[in-house]
Protein chains: 2
Amino acid sequence: MKTLSIKDIAVKAGVSITTVSFIINGKAKEKSISEAVIKKVEEIIKESGYKPNQIARSLRTGNSNIIGLIIEDISNSFFSRIARLIEDKAYKKGYKIIYSSTENDVEKAKDLINMFKSRKVDGYIISPTKGIEEDINALLADNKPVILFDRNLSDVETHYVGADHFKASYQSIESFIKDGKRKIALVTTDIDVEQIVERFDGYKKALIDHQITYSDELVLKIHFNQDETETIAEMKNLFLKKEIDAVLFATNYLAISGLKALKQLNKQIGDDFSVIAYDDHEVFELHTPSISAVQQPLEEIAETVIQLILNQLSSKAKAENQKVIIPAKLIER
Amino acid sequence: MKTLSIKDIAVKAGVSITTVSFIINGKAKEKSISEAVIKKVEEIIKESGYKPNQIARSLRTGNSNIIGLIIEDISNSFFSRIARLIEDKAYKKGYKIIYSSTENDVEKAKDLINMFKSRKVDGYIISPTKGIEEDINALLADNKPVILFDRNLSDVETHYVGADHFKASYQSIESFIKDGKRKIALVTTDIDVEQIVERFDGYKKALIDHQITYSDELVLKIHFNQDETETIAEMKNLFLKKEIDAVLFATNYLAISGLKALKQLNKQIGDDFSVIAYDDHEVFELHTPSISAVQQPLEEIAETVIQLILNQLSSKAKAENQKVIIPAKLIER
DNA sequence: TTGAGATAGTAAAACGTTTTATGTTTTCGG
DNA sequence: CCGAAAACATAAAACGTTTTACTATCTCAA
């Protein structure tokens, strides 16, 4: 069964292609097409089940009603939840999402941008890796809306939405200190992106502000993408060697690995050993004892992101760049 | 900066558009274009950074190198992991994925199929909801490859990949029985899809085969999409009223809610109260005590799915429909 | 009764490719 | 040195839309 084209509809209705197009695009009134014709055409469209070919449409108009979403890893619950929220909201406005994971690999990220570019996506939502500044700037030069989220790039002048990582981290450490902790460790990753750096800075600053000397020895940087068993081994090492009384994990997957390490060591979390995780996860609520976590307001982030991009898309005029920093909340459990 | 077209390249190289097109598509040899021309054109393409417009390409060729992935909910870790694996494998073969979540809503699912159809995706990977049989059959009639996964539709004749839900469920119950349990509950959902039904049937059959009478009272069907607090309330009810000594949860999110309910009730999991969850989740490994779970072989499912669809895509000939049932594994913890 | 504006509609170009059919030049065996 | 085949290259149609510019008819105020 050959799929229908606008031409088939036109022939069936005995009018021109142009007329059908106007009707489909709601320009019938404006172009003064008679009620009778409108009705007839609409009827034929309905009963024949004709759906415009979006590809042809895109080719002609240069836009696609698709938003490209580039994230680090869809299987990470932080991203998959954000993705779901963004998708939902976009869908309601008639936009579709194409997503892809970069796996924090610059080359793949560049590839993806090219991919999206040649598919003429209307806008980009990106949680960027370091090293794609140029590519993003090229998009901006090309006048495409780009919203960065989760992590900012200082060399890129565009909208950004993210949590206040520095403050959240600072407050977490402060809460440890209030509980009398002094030997506070940080487990983080070695990827060099802004939000990770901020979490680190918050940790450091909080210590110093409270007259605790910062020590490199209490900071464990896990190599990104390394095998989990090795990660766990390194953590065990940290937990055993030092008399640590508290640890902040800079990401949820690190915290999960950390909990596994503790379980293997049979080390109890309790009065003399506290942990806080960055980014909440169901594991933390259900864990015994339950684990405090820094909760990023996903809903709010998604909402802001989508708001910003839709604004951009509707008003061709380039709006003032906005940097929206949303406070994160420490859930004490 | 106007984006380059094939025409610009042709002009710059002093050859025809056709020639450039042949070179881009690797048909240069076959069409006997001279080495010299090939080289020159390739050079110009490289230095100018020209990328073919995929939209135009799609319009002309009728395919897009895009595979549509339709799942229930990307924020569910089962699906997000599968999605990640599928994306990965597809990417390596030069295919992109567009995904969307149905939220188990037939109307949205139909919408999505239409969406994808008008975007000319080359193939579909679908974890279907009930009620879209017709739409899928239409795709098949249109000669588009469709792979169903996770849940099958009996009224649709196409490839299917999924775990052996019946058996996994059966074995879970058997393992309870071996441990001396007799009052075994099932918490499931009320959505009427094959894999949920199979899990239910496995439960029932195992009981009967071991001379335990089946009782409706021990089966709790949670309304899909209902608020979690209500879900938890219903579960508490079940756990309190009856002297249940074991419970099988038919999905991972139900199990997570169940654990929350138990926590609120302060009811311990242990010798006199066992649970098994369907679909593994990090929560279960880290829970104290850790929770047994039925683990679906995600990697294998993703691999099989992608294999099947790529086969379909490369050999225009419609292959024999395959129903691949992959055993699930009960991880006893 | 005229002609200006409103009303109703359409032809054709353009978007950027791929591909078919065709044209020109070169090579080389006899 | 002829002519057929091989080598090299291209023009133009087609994919399915949107949109610009245009034609034709009708209405009604002056």
Side-chain angles (χ1 to χ4, degrees), chain A residues 2-42 45 48-66 114 117-122 142, chain B residues 1-42 44-45 48-66 114 117-122 142:
Chain A
K2 199 70 199 62
T3 63
L4 295 169
S5 81
I6 196 173
K7 191 173 171 189
D8 299 313
I9 303 297
V11 168
K12 221 175 269 184
V15 299
S16 76
I17 289 179
T18 309
T19 304
V20 176
S21 175
F22 284 152
I23 292 172
I24 289 171
N25 293 292
K27 301 197 179 160
K29 286 273 151 53
E30 174 188 338
K31 299 289 177 176
S32 57
I33 307 293
S34 70
E35 277 305 331
V37 171
I38 295 181
K39 202 153 186 191
K40 179 161 62 168
V41 170
E42 277 176 345
I45 288 178
S48 68
Y50 163 74
K51 292 276 186 312
N53 178 325
Q54 299 295 339
I55 300 275
R57 210 175 234 190
S58 286
L59 179 60
R60 172 61 225 221
T61 63
N63 47 43
S64 57
N65 275 344
I66 292 184
N114 272 329
K117 201 166 15 177
S118 59
R119 292 237 143 73
K120 303 290 176 217
V121 308
D122 295 348
D142 202 21
Chain B
M1 185 199 65
K2 200 70 199 63
T3 63
L4 295 168
S5 82
I6 196 172
K7 191 173 171 189
D8 299 313
I9 303 297
V11 168
K12 219 175 269 185
V15 298
S16 76
I17 289 181
T18 311
T19 303
V20 176
S21 175
F22 284 153
I23 292 171
I24 288 170
N25 293 292
K27 300 198 178 159
K29 286 273 150 53
E30 175 187 336
K31 299 288 178 176
S32 55
I33 308 292
S34 68
E35 276 305 330
V37 171
I38 294 181
K39 204 155 184 188
K40 178 160 63 167
V41 170
E42 278 176 345
I44 292 179
I45 288 178
S48 68
Y50 163 73
K51 293 276 186 312
N53 177 327
Q54 298 295 338
I55 300 275
R57 209 175 237 191
S58 285
L59 179 59
R60 173 61 227 224
T61 63
N63 47 42
S64 58
N65 275 344
I66 293 184
N114 272 329
K117 202 167 13 179
S118 60
R119 292 241 143 69
K120 302 292 174 212
V121 307
D122 294 348
D142 202 21

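Values reported hereafter were calculated over all heavy atoms of this structure, with side chains retained and with hydrogens, waters and symmetry mates removed. Sequence lines set the chain letters: A, B, ... in the order given, protein chains first and strands last, and positions in each chain run from 1.
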Problem - Value in whole Å for how far the C1' atom of C/dT18 lies from NZ of B/Lys27 - result: 7 Å

Exercise for the section: Tell me whether the OP1 or OP2 atom of D/dT17 has a side-chain N or O from A/Tyr50 closer than 4.0 Å. Expected result: yes

Practice task
Could you state the atom-to-atom distance from CZ of A/Arg57 to C1' of C/dG16 in whole Å?
Solution key: 19 Å

Completion exercise
Separation of D/dT18 atom P from A/Asn63 atom CG, nearest Å, is 11 Å

Problem - Any donor-acceptor N/O pair, A/Asn25 side chain to A/Phe22 backbone, under 3.5 Å - result: no

Exercise for the section: Could you state the atom-to-atom distance from CD of A/Gln54 to P of D/dT17 in whole Å? Expected result: 9 Å

Practice task
Take the C1' atoms of the five end pairs on each side of the helix from C/dT1-D/dA30 to C/dG30-D/dC1, derive the two axes, and give their angle rounded to 10 degrees.
Solution key: 60°

Handout entry: From CA spacing to verdict: side chain to side chain donor-acceptor pair (under 3.5 Å), A/Ser16, A/Thr19
Key = CA-CA 5 Å; A/Ser16 76; A/Thr19 304; 3.0 Å; yes

Exercise for the section: Write down the distance between CD1 (B/Ile55) and P (C/dT18), rounded to a whole number of angstrom. Expected result: 13 Å

Handout entry: Non-neighbouring partners of B/Glu35 that pass salt bridge (Lys or Arg N to Asp or Glu O under 4.0 Å), sequence neighbours left out
Key = B/Lys29

Handout entry: Under 4.0 angstrom between B/Ser21 side-chain N/O and C/dT18 OP1 or OP2
Key = yes

Problem - Letter per nucleotide, 5' to 3', of nucleotides 6-15 of chain D [B base touched, S only sugar-phosphate touched, - untouched; heavy atoms, 4.0 Å] - result: -SBSBBBBBB

Handout entry: Spacing between A/Ile6 atom CD1 and C/dT10 atom P, to the nearest angstrom
Key = 12 Å

Practice task
Using atom types as modelled and distance alone, determine if a side-chain donor or acceptor of A/Ser21 lies under 3.5 Å from a backbone N or O of A/Ile17.
Solution key: no

Practice task
Kindly give the heavy-atom pair with the smallest separation between A/Leu4 and A/Ser48, and that separation in Å.
Solution key: CD1-O, 3.5 Å

Practice task
May I have the distance from B/Lys51 (atom NZ) to C/dG16 (atom P), rounded to whole angstrom?
Solution key: 17 Å

Handout entry: Residue pair B/Pro52 / B/Ile24: nearest heavy atoms and the distance that separates them
Key = CG-CG2, 4.2 Å

Exercise for the section: Please report the closest heavy-atom contact between B/Val121 and B/Ser64, naming both atoms and the distance. Expected result: CA-OG, 3.4 Å

Problem - Distance in angstrom units between B/Lys120 NZ and D/dT17 P, rounded - result: 8 Å

Problem - From CD1 (A/Ile9) to CD (A/Glu42), nearest 0.5 Å - result: 12.0 Å

Problem - Any B/Val37 side-chain heavy atom under 4.5 Å of B/Ile23 side chain - result: yes

